[in-house]
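Labels below follow one simple rule: chain letters A, B, ... track the order of the sequence lines, proteins then strands, and each chain is numbered from 1. Treat the numbers as computed from the prediction; the structure is a model and nothing was measured.
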Protein chains: 2
Amino acid sequence: MLPDHFTPVPLDKSYRLLNHGPTVIVSAQHAGERNAMSAAWACALDFAPPKISVVLDKATRTRALVEGSGLFAVQLPTVPQAALTVGIGTDSAVTEPHKLVKHGVQLFDAPGLAVPLVAGCAAWLVCKLIPEPHNQQSYDLFIAEVVAAWADERVFRNGHWEFGSAPAELRTLHYVAGGQFFAIGESVLVK
Amino acid sequence: MLPDHFTPVPLDKSYRLLNHGPTVIVSAQHAGERNAMSAAWACALDFAPPKISVVLDKATRTRALVEGSGLFAVQLPTVPQAALTVGIGTDSAVTEPHKLVKHGVQLFDAPGLAVPLVAGCAAWLVCKLIPEPHNQQSYDLFIAEVVAAWADERVFRNGHWEFGSAPAELRTLHYVAGGQFFAIGESVLVK
């Protein structure tokens, strides 16, 4: 079942979901296995078609699922999910097979796509891997095209983030180190 | 002359300067020419040695200087520099040769390195290009190693961002679109 307020974002506006530099959770499934991990190093790469880059360490189980299925989601955790985000970024399914349950991650299916999404996030992008073996091997760098996007319409609507009028708990997280994030802050508009 | 509060950041902590996803200004010089442009798509890529990725459009003059010299700086503009950041991200030196003067950009020399830095920023990273012609041509994606870093010690010291205790005008900017940024907000600590 889809979460409340889950609303499509047009692909030509999807770069705006990542443009302000949020920490993300990467999720994927392959051969009946699902997993999710946090990643601080995700970035928009192109407008049309929209592309992104994300760094996925070789030690992670999620990376193997991305390489297996060629499909993954990037989603933006919110302030109440800070502990969850640290938890699934620290624990690995390689040694903790039940890490998603342990950290309270609730998954739901992306509409029409074989990829799991994490409930409670502010926005979700489903991405199709563009295989670049040299980048993946040398830099752990994965490039993908965004093929679908959604947001919680309370905080992103009509192509704009509305952090000022949305509930404070929908602010995105921006990781530094050692369990410490900053929430996104106030709007600064240049006329 | 170096700005006040300009303090070295150890290379093993330099990824923390970009980890929270700030918009940056990229600066470079080559054959007597200097330029600077804004870039929303910069990202940490590795810890040790520290590496970053940044997207530089083929239409920009700064990209030509980066390709010519193999050296560039990535710096983090602050809230009072929002209009400057939009200005040098919109105007190109190709058609507006005096764009830096027009938008009030003051440059100073990086200590011991042939690269100009932008005054008034919160932090600065000097980066040495790792040539990857396929990425540069196909994706406008540049990979580089961080070889030196500094920060304004009022806002980043002992390896930590101190936005809460620093003057509010030292908060970093996080661009969305259409002249609209968010400043970085409040700390969220997971114990």
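- In the hydrophobic cluster analysis, where Ile, Leu, Val, Met, Phe, Trp and Tyr join through side-chain heavy atoms closer than 4.5 angstrom, B:Val118 is grouped apart from B:Met37.
- Separation of atoms CZ (B:Phe163) and CZ (A:Phe182) is listed at 5.5 Å; rounding is to 0.5 Å.
- Summarising the geometry, atom CG belonging to A:Asp140 is positioned 9.5 Å from atom NZ belonging to B:Lys51; distances are rounded to the nearest 0.5 Å.
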(request) List the steps and the verdict of side chain to side chain donor-acceptor pair (under 3.5 Å) for B:Asp46 and A:Trp41. (result) CA-CA 9 Å; B:Asp46 207 350; A:Trp41 299 347; over 6 Å; no
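- Looking at B:Leu84, there are no atoms closer than 4.5 Å to chain A (heavy atoms on both sides), in backbone or side chain.
- Residue A:Leu17: no heavy atom, backbone or side chain, is found under 4.5 Å from chain B.
- Put simply, of A:Tyr15, A:Trp161, A:Tyr139, the one with the most heavy-atom pairs under 4.5 Å next to chain B is A:Tyr139.
- Shortest non-hydrogen contact noted between B:Cys43 and A:Ala42 is SG-N, 3.8 Å.
- For the residue pair A:His160 / B:Gln180, no side-chain donor-acceptor distance below 3.5 Å is found, with atom types taken as modelled.
- In the hydrophobic clustering of this structure, A:Trp124 does not group with A:Ile25; members are Ile, Leu, Val, Met, Phe, Trp, Tyr whose side-chain heavy atoms approach within less than 4.5 Å, directly or through other members.
- Atoms CZ and CG, from A:Phe181 and B:Leu189 in turn, are 9.5 Å apart once rounded to the nearest 0.5 Å.
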(request) Mind running side-chain contact (heavy atoms from CB on, under 4.5 Å) on A:His134 and B:Glu132 for me, showing each step along the way? (result) CA-CA 10 Å; A:His134 169 66; B:Glu132 288 283 2; 2.9 Å; yes
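- With respect to chain B, the highest number of heavy-atom pairs below 4.5 Å among A:Val55, A:Asn135, A:Val176 belongs to A:Val176.
- Of the residues considered (A:Thr23, A:Leu173, A:Leu141, A:Ile143), A:Ile143 shows the highest number of contacts with chain B, using heavy-atom pairs under 4.5 Å.
- When all heavy atoms are compared, the tightest approach of A:Val188 to B:Ala82 is CG1-CB, 3.7 Å.
- With a 6.0 Å radius and a threshold of 12 heavy atoms from other residues, nucleotides or ligands, A:Gln106 has its CD atom at or below the threshold.
- The shortest non-hydrogen separation linking B:Ala83 to A:Val190 is N-CG2, 3.7 Å.
- By the rule that hydrophobic residues join a cluster once side-chain heavy atoms approach within less than 4.5 Å of another member, B:Trp150 and B:Leu71 end up as members of one cluster.
- Counting heavy atoms of neighbouring residues, nucleotides and ligands inside a 6.0 Å radius, atom CD of B:Glu162 exceeds 12 of them.
- A:Phe72 is not connected to A:Leu45 by any chain of hydrophobic side-chain contacts under 4.5 Å among Ile, Leu, Val, Met, Phe, Trp and Tyr, and they are in different clusters.
- Here CD1 of A:Ile184 is found 4.5 Å from CD1 of B:Ile184. Values are rounded to the nearest 0.5 Å.
- One hydrophobic cluster, built from ILVMFWY side chains closer than 4.5 Å, holds both B:Val146 and B:Val24.
- Between B:His174 and A:His174, the ring center distance clears the sub-6.0 Å criterion.
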